[in-house]
S.K.: 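Pasting a structure here, questions to come.
Per chain, numbering begins at 1; letters A, B, ... match sequence-line order. For the numbers below, each heavy atom of this structure counts, side chains included, while hydrogens, waters and symmetry mates do not.
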Amino acid sequence: MRSLIDVLDLSTGEIDELIATACDIIENPAKYSEACHGKKLATLFFEPSTRTRLSFEAAMYELGGHVMSVSSGASSSAAKGESVADTAKTVSCYADIIAMRHPKEGAPYVAAKNASIPVINAGDGGHNHPTQTLTDLLTIYREKGHFENLTIGFCGDLKFGRTVHSLISAMSRYAGVKFVLISPEELKVPSYVKSESIKKKGIPYVQTEELMDVIGDLDILYMTRVQRERFFNEEDYLRLKDSYVLDPKKLEKAKKDLCIMHPLPRVNEISIAVDDDPRACYFKQVLNGKYIRMALILKLLKEAGTL
Amino acid sequence: MNIDSISNGIVIDHIKADNGMKLYELLDLGSLACSVAIIKNVTSKKMGKKDIIKIDADIPLNLDVIGYVDPGATVNVIRDGKLVEKKIIGMPEALTNVIKCKNPRCITSTEQELPHIFKLTDKDTKTYRCLYCETKA
């Protein structure tokens, strides 16, 4: 049974197909409005989530399907000590496809091994969040029209941000890509991500603490939240915190066709004044997330022989 | 120093110096009833120094454990005082229930019945990662 646990489970060809389907859904929504008629999505969220759960649910509704939802671990049999494997086997009896978020890393993999229906990893701890990466890829594609020859800047917390690591891995498969890694010393990209996804593939990259030194070079700027508690000392936090807040003044030096992305939730790292800038793409990203999840649900249900 | 030769058993040879005790523990050789000798820091032309383990019984060994700890080690099977088989080990592609994932956020930390599986992800750096959470061993 085909599931999606890690974005790298998909070939670049399959990602192209998903993107093509998502673009077709955007162009012709009526064509898909009954595509999953009578099918049921179980959203098993053992951890809080706003965007991802609602995005999956909206995706299934727009495909004409139904949704059954577990919105916290406390309200499920997991609270009684049920194993992930047993939960997956049980839900397989009711639903046609599962989207699972779980605080334990590897839980969706265990679910996929035990379910008789496709399982989509909707985020497992700090590990994988493949549908966020697919969302990011669809956004890049819709804004730029291609993945090759792009200079992508990642700014903020590059150490703990799983969306950053995952997008670096996914984009490292395309030719002519360059990475610009902008973060304080404490929050640099982990060495294993650099060695496995960047250095081994010979991809050019720049590491810097200063956003303003590099902002003019970027085609994509992927912002993330810098949290005070991640710093070892207060001085560094105070010195650097403002340099990672994107505002209209900083954007004066950026390219006219820069694409500003953020996995959200935003706290204060992008000024609200940037929202009206045509280069701000983070709310478009949210919408793209729904379309790519629609495409993914369709693909997995078709491969399972359910559609 | 002399250790008696064995007539029926196993000699694990070419173990890098200091890996002998680690192998002894991971192979759980302490639980065997037969004689087991660990010879440390043996002078070797090829390796400088090496460890050797002699087991005075022909028991099944988990070769994956040996390959994980020391892929250069060799396993010699002795019967009636003669060498009947020499096994070159190499790195195993996967390890099951040999080591445990140390990541407290890994699903194996709460679900005790799951097997602890590690996959070889980089042969050059001898890197094994947890099948579930991809944490390095």
Side-chain angles (χ1 to χ4, degrees), chain A residues 3 5-9 44 46-47 73 76-89 100-115 119 121-130 133 160 162 165-166 168-169 190-201, chain B residues 16 18-19 22-23 25-28 62-73 89-137:
Chain A
S3 288
I5 303 303
D6 183 331
V7 76
L8 296 182
D9 295 344
L44 309 181
F46 298 98
E47 208 181 42
S76 75
S77 286
K80 299 177 193 164
E82 184 174 62
S83 70
V84 169
D86 284 1
T87 301
K89 285 175 187 164
M100 175 185 272
R101 170 165 289 190
H102 202 285
K104 288 291 177 183
E105 298 171 7
Y109 173 82
V110 174
K113 286 284 162 199
N114 288 279
V119 175
N121 182 1
D124 56 338
H127 183 216
N128 277 321
H129 192 357
T133 308
F160 299 99
R162 64 184 171 187
H165 307 163
S166 199
I168 288 174
S169 301
S191 56
Y192 75 89
V193 175
K194 248 189 307 181
S195 63
E196 287 175 20
S197 300
I198 303 179
K199 287 182 184 170
K200 205 183 248 185
K201 296 178 182 175
Chain B
K16 266 186 205 155
D18 285 344
N19 276 346
K22 199 173 174 187
L23 265 182
E25 279 160 21
L26 279 175
L27 288 169
D28 195 23
N62 185 343
L63 298 182
D64 288 349
V65 172
I66 303 172
Y68 168 65
V69 174
D70 198 333
I89 307 298
M91 273 182 270
E93 288 298 320
L95 287 171
T96 302
N97 292 330
V98 174
I99 44 172
K100 291 201 163 190
C101 184
K102 290 174 194 149
N103 175 8
R105 296 180 307 275
C106 180
I107 185 68
T108 55
S109 70
T110 45
E111 301 216 350
Q112 310 298 331
E113 288 188 36
L114 284 172
H116 285 251
I117 303 173
F118 283 77
K119 289 232 167 193
L120 179 63
T121 55
D122 191 331
K123 219 168 183 173
D124 298 337
T125 55
K126 207 187 152 197
T127 303
Y128 283 86
R129 289 191 182 277
C130 173
L131 178 69
Y132 307 96
C133 69
E134 296 179 275
T135 298
K136 206 171 164 181

S.K.: Tell me, please, which residues at least two apart from B/N19 pass side chain to side chain contact (heavy atoms under 4.5 Å, CB included).
M.R.: B/I15, B/K16, B/V69, B/D70

S.K.: Identify the heavy atoms of B/I107 and A/G106 that sit nearest to each other, and give their distance.
M.R.: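 B/I107 and A/G106 have their closest heavy atoms at CG2-C, 3.8 Å.
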
S.K.: Listing needed: what donor-acceptor pairs below 3.5 Å join chain B with chain A?
M.R.:
unit_1, atom_1, unit_2, atom_2, d
B/N103, ND2, A/E105, OE1, 2.9
B/P104, O, A/K104, NZ, 2.8
B/R105, O, A/E105, N, 2.7
B/R105, NE, A/E105, OE2, 2.9
B/I107, N, A/E105, O, 2.9
B/S109, OG, A/K104, NZ, 3.2
B/E111, OE1, A/V84, N, 3.4
B/E111, OE2, A/V84, N, 2.8
B/D122, OD2, A/K200, NZ, 2.9
B/R129, NH2, A/E196, OE2, 3.1
B/C133, O, A/H127, NE2, 3.4
B/E134, OE1, A/H127, NE2, 2.5

